[in-house]
Visitor: 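Questions regarding the structure given below will be posed in turn.
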There are 2 protein chains.
Amino acid sequence: MPDPTSAANPEPPRPQRRNEIRQQNETLILQAAEKVFAEAGFGGATMQLIADVAGLPKANLHYYFATKEDLYRQVVQNIFEIWLHAAETMDNAPGPVEGIGAYIEAKMEISRRHPDGSKVWASEVMHGAPVIQDYLETTLRDWTEGRIAIIHRWIAAGQMAPVDPRHLLYTLWATTQHYADFGHQIETLNGGAPLDEAQWREATASVKSLILRGIGAI
Amino acid sequence: MPDPTSAANPEPPRPQRRNEIRQQNETLILQAAEKVFAEAGFGGATMQLIADVAGLPKANLHYYFATKEDLYRQVVQNIFEIWLHAAETMDNAPGPVEGIGAYIEAKMEISRRHPDGSKVWASEVMHGAPVIQDYLETTLRDWTEGRIAIIHRWIAAGQMAPVDPRHLLYTLWATTQHYADFGHQIETLNGGAPLDEAQWREATASVKSLILRGIGAI
DNA sequence: CTCAACATTGACCATACGGTCAGGAAAAGA
DNA sequence: TCTTTTCCTGACCGTATGGTCAATGTTGAG
């Protein structure tokens with residue numbers, strides 16, 4: 001804590017440090033941007049609306065992010081980070097029940113906590129991944145190959161049926177992300193109300209049991 | 001066939017009938033629009049680009065479709081028709097293996113044949129279904145309730161495990177549509193090439209066996 | 001206190017977009 | 001043929017958008 005002024009001032013409410021200002025505003029803008037991009041898509045989103053949601057003048061956005069595309073790129077990258085982090089749950093698992101089970105739970109939790117991020121990601125991929133194509137070809141491809149190897153090991157060990165690992169991964173992504181990306185449709189079919197705590201537990205349990213049984217792990 | 005002119009003129013190449021002109025151009029525009037809306041989203045699509053893809057002057061689009069939103073609405077409705085038609089495959093099936101199996105096959109075929117349509121639909125729902133909310137609340141809800149009843153009957157008859165029918169339907173939609181909506185990601189992970197005939201068969205078989213096993217139908 | 005670096009913002013600009021319209025071409029009816 | 005209806009399209013318009021900039025305020029090191 002390199003603060004020479006005082007030790008009795010842990011977090012001042014208004015007179016902020018320079019770095020704090022920067023980080024705080026960037027976060028504020030990124031959150032607003034994530035929401036607006038999710039609701040309107042890249043083309044439909046406007047810098048003015050993002051500024052309004054963030055409660056800042058439009059010109060201020062351009063001070064922190066040079067262009068709309070720069071801002072969008074940051075949003076997508078942030079989502080990718082969250083996404084990749086959750087993917088680690090599959091490692092070091094003794095078998096598919098623990099590994100895939102934990103992965104499903106982690107991804108369902110992301111769908112619940114970051115539905116906007118998931119939508120932005122989906123939209124980006126749907127439109128041909130114009131800004132994160134390199135991620136798909138490097139990080140995602142490597143991660144996928146690694147997980148395929150793990151699944152093959154589980155199959156070889158007789159811990160699950162000889163399912164095509166690639167399509168299993170697609171199914172995992174599809175089912176879990178569906179609860180975020182098509183959340184509005186699910187909400188409508190749920191009588192107009194978002195899934196509550198218990199319903200999310202049911203959804204997660206449903207997906208887990210269906211897939212784990214589907215791959216012959218239980 | 002109310003054609004008083006001649007019986008030896010089944011389909012003239014150039015001198016077209018009025019109705020033919022109208023229908024032909026509308027189809028042409030709708031196809032171009034579906035592609036552009038899928039690639040750029042509603043907000044990112046421009047009437048000029050749709051016109052270029054259709055090979056018509058922009059003003060001509062506005063002759064057939066008053067506004068961009070009208071055109072978009074038509075595209076979404078067309079997709080919904082295809083989608084609903086495929087849904088019929090689940091009816092009159094003796095059990096889940098036939099009913100759900102056929103439904104998966106039909107939906108995978110749609111993902112393959114109409115990936116753009118699927119993307120437009122996904123995009124529409126992701127953005128809160130601004131133009132097809134009423135469809136979700138009427139047609140889709142009714143269809144869903146009907147299918148839930150069928151599944152409950154199969155469960156009662158001991159033809160499958162007591163899976164939550166609602167989440168099963170979500171899983172069916174998610175997995176099958178994923179191959180269209182995230183086709184670009186799948187293509188990238190496939191070495192940059194679209195799935196070929198054999199790979200589509202594998203994908204379909206994979207999804208079918210995983211889900212049918214997952215619900216205890218096989 | 002001074003001053004340089006950083007932060008803020010109202011006003012402004014060029015462009016691109018959805019949409020309009022008048023006027024002409026082509027087909028259908030009489 | 002003449003007339004009416006439908007179809008076609010270049011030119012145009014108002015607006016909204018992404019982005020710029022100069023002027024001003026704020027912070028903190030020396």
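All values reported here derive from a predicted model rather than from experimental measurement. Proteins come first, then strands; the chains are lettered A, B, ... in the order of their sequence lines, and each starts at number 1.
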Visitor: Let me know the distance between NE2 of B/His62 and P of C/dC17, rounded to the nearest Å.
Guide: 13 Å

Visitor: Of all of residues 30-44 of chain B, which get a heavy atom below 4.0 angstrom from DNA chain C, listed by number?
Guide: none

Visitor: Do A/Lys68 and A/Phe42 come within less than 4.5 Å of each other through their side chains, counting heavy atoms only?
Guide: yes

Visitor: Mind calculating the distance between CG (A/Asn60) and C1' (C/dA11) to the nearest angstrom?
Guide: 16 Å

Visitor: Which of these nucleotides, C/dG19, C/dT9, D/dG19, is closest to any side-chain atom of B/Lys58?
Guide: C/dG19

Visitor: What integer distance in Å separates A/Arg22:CZ from D/dT27:P?
Guide: 16 Å

Visitor: Touch check for B/Tyr64, heavy atoms < 4.0 angstrom, all strands: base, sugar-phosphate only, or nothing?
Guide: sugar-phosphate

Visitor: Base, sugar-phosphate, or nothing: which does A/Ala45 touch, judged by heavy atoms less than 4.0 Å apart?
Guide: sugar-phosphate

Visitor: What is the separation between atom OH on A/Tyr72 and atom C1' on D/dG19, rounded to the nearest whole Å?
Guide: 20 Å

Visitor: What I want to check is whether the side chains of B/Asp52 and B/Gln48 have a donor and an acceptor closer together than 3.5 Å.
Guide: yes

Visitor: Could you tell me the separation between the OH atom of A/Tyr63 and the C1' atom of D/dG25, rounded to a whole number of Å?
Guide: 13 Å

Visitor: Using the ring pair (Phe, Tyr, Trp, His ring centres under 6.0 Å) rule, pick out the option among B/Trp83, B/Trp143, B/Phe80 that qualifies with B/Tyr135.
Guide: B/Phe80

Visitor: Which one, C/dT8, C/dC21, D/dG18, comes nearest to the side chain of A/Asn25?
Guide: C/dT8

Visitor: State which residue, out of A/His114, A/Arg113, A/Met108, fulfils the side-chain contact (heavy atoms from CB on, under 4.5 Å) condition with A/Ile110.
Guide: A/His114

Visitor: What's the verdict on salt bridge (Lys or Arg N to Asp or Glu O under 4.0 Å) for A/Arg112 and A/Glu197, showing C-alpha distance, side-chain angles and the deciding distance?
Guide: CA-CA 10 Å; A/Arg112 187 180 181 188; A/Glu197 182 75 32; 3.1 Å; yes

Visitor: For B/Glu26 and D/dT6, give me the distance from atom CD to atom P, rounded to whole Å.
Guide: 14 Å

Visitor: Could you give the CD-to-C1' distance, from B/Gln24 to D/dC8, as a whole number of Å?
Guide: 15 Å

Visitor: Decide, yes or no, whether a salt bridge links A/Glu145 with A/Arg166 under the criterion of side-chain N to carboxylate O below 4.0 Å.
Guide: yes

Visitor: Please state how far atom NZ in B/Lys68 lies from atom C1' in C/dG18, giving the value in whole angstrom units.
Guide: 8 Å

Visitor: Indicate the ring-plane relationship of A/Trp173 and A/Tyr170, choosing parallel, tilted or perpendicular according to the 30° and 60° boundaries.
Guide: tilted

